[in-house]
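Below is one structure; the comments refer to it alone.
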Amino acid sequence: MSMLTNTLGRYFAGRFVVAALGVFASIFLLLVLVDYIEMVRKTSGLASASAIMVAETSLFRVPQLLEKLTPFCMLIGAMTCYLALSRRLELVVARAAGISAWQFISPALGSALLIGVIATVAYNPMSANLRELSKRMEAELFGSAPGGGIQDASGFWLNQVTSDGQTIINAARSEQQGVRLTGLTLFRFDTGQHFKERVEAREATLESGHWLFKGVRRFSLDAPPIDQASLEIPTTLTEAQVRNSFSTPETVSFWQLPTYIRSSESSGFATAGYRLQYHKLLAQPFLLAAMVMLAASVSLRFFRMGGVQKMVLSGVGAGFLLYVLSKVTEDLSKAELMHPIAAAWLPVVVGGLTGFLALLYQEDG
C-alpha cells in the first residue's frame, strides 16, 4: 500500500506540475503578445525602434505582470489537472484502491509549496531585474522622441527645496529605484516662489549633493531656449528619499526588501508598502497551496454526475473573491489601517480554510 501510495503520489504531483506550468506558459505567451502589440502601437512613430528591441522590451516587462497572476495559474492548473483525472476515471480507480482524497491532494499541495518557494526566492528577483532592464530599454526607445515623451502630466513627481529655491521634477520613467530618471521636465522657482525657468532633459542621475542632467533644453520667460549638454542642480535628497518617492515595493526583489525597510525606517519614511510586499512574498507558497485546496474542493466531482460547468464557475468565482479580499487588505495596509502581516496572511487563511472545510464536508461529512 505504501508503494502504491508513493507511486500514485509522484504521478499526481507530475500531472499537477505539468498542468500548472502549461497554464503559466499559456498566460505568459498571451501577455507577451498583447504587450508587444501595445508597444508596437506606442513606437510606431519612432524611426529608431526596431522590431527586435520592441519585442525584447515586452518580453522583459511580462514576468513581473505574470507574477501577480501566479495564484490564478495554480488555481486553473489544479482545476484542469483534477478535472482531467476525473474525466478519465483515474480518480475513481484511485478511490477504489483505497486512496482518499486527502492522499491524492497532498502531492499537489507539496508541489504548490515548492513552486511558491521557487517563485519567492528565484522568480521574484529575476522579474525585478528584468523589469529594470525593460525600463532601460524603454528609455532608449523613447529618449529620442520629441520632448522625450514628457509633455504630459503623468509619470513620477518629486519636489525639492534648497537654498537656491524650489524645483519640481517630473520624470516619465524611473530606473534603479529612482537614482536614474529619463524623460524629465523641471519647474524651477527662486527663493521668493517666483517662476524662474522650465527645463527639459533626456536623463538625470542622482550623484552626491546634486542631480546631473543630460541633454538639456532650458526655457525662460525673457530669453530664447538654450540647449546644454549637461546641467547640475544642487539637492539635499538622499538615495533613500528618492527611492521612497520613485520606487514601488513590487519592483524591489525579495532579497533587497529587508534592506529597503531598514533604510526607510532610518530615514523616517513609511514602510507599510515594503513590509506588506515582504510578507506577501513570504506567504506566497501557502497562498498557492490554498489555491490548490480551493481547486480540489470544486474539481473532484465525477464527470458522470454532471455539473462540471457549475464547478468550474464556482472555482473561478472563489479565486476572484479571494483576489478582491487580497486587494482590500492590501489597500488597508498601505493606508496603515491594518498590520502588514495580517493583510498578507488573511487571504491565505481564508482561502485555505474555505478549501479545507469544503473538502472536509465532501469527503468526511
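- Other residues sharing a hydrophobic cluster with V349 under the 4.5 Å side-chain heavy-atom criterion for ILVMFWY residues are L353.
- Through direct or indirect side-chain contacts shorter than 4.5 Å among Ile, Leu, Val, Met, Phe, Trp and Tyr, L33 is connected to I37.
- Residues T235 and Q160 bring a donor and an acceptor atom of their side chains to less than 3.5 Å of each other.
- For T70, there are no side chain to side chain donor-acceptor pair (under 3.5 Å) partners, not counting sequence neighbours.
- Residues L30 make up the rest of the hydrophobic cluster containing V34, defined by ILVMFWY side-chain heavy atoms closer than 4.5 Å, directly or through other members.
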Going by atom type alone, with no hydrogens or angles, which donor-acceptor pairs under 3.5 Å involve a side-chain atom of residues 105-112 and a protein atom two or more places apart or on another chain?
unit_1	atom_1	unit_2	atom_2	d
S106	OG	W102	O	2.6
S111	OG	P107	O	2.9

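- Every side chain to side chain donor-acceptor pair (under 3.5 Å) that K334 has, sequence neighbours left out, goes to E330.
- For F12, the ring-ring contact (aromatic ring centres under 6.0 Å, His included) partners two or more places apart in sequence, or in a different chain, are F104.
- With sequence neighbours excluded, the residues that form a side-chain contact (heavy atoms from CB on, under 4.5 Å) with P125 are S253, W255.
- Scored by the side chain to side chain donor-acceptor pair (under 3.5 Å) test, N159 finds Q166 as partners (sequence neighbours excluded).
- F219 is not connected to V216 by any chain of hydrophobic side-chain contacts under 4.5 Å among Ile, Leu, Val, Met, Phe, Trp and Tyr, and they are in different clusters.
- Applying the side chain to side chain donor-acceptor pair (under 3.5 Å) rule to E336 yields no partners; only residues at least two apart in sequence or on another chain are considered.
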Under 3.5 Å, which donor-acceptor pairs do the side chains of residues 17-28 form with other protein atoms, sequence neighbours left out?
unit_1	atom_1	unit_2	atom_2	d
S26	OG	G22	O	2.8

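- For the 3.5 Å distance criterion, the side chains of S58 and R61 fail to qualify, holding no donor opposite an acceptor.
- By the ring-ring contact (aromatic ring centres under 6.0 Å, His included) test, F187 is found to be paired with no residue, residues two or more places apart in sequence or in another chain being considered.
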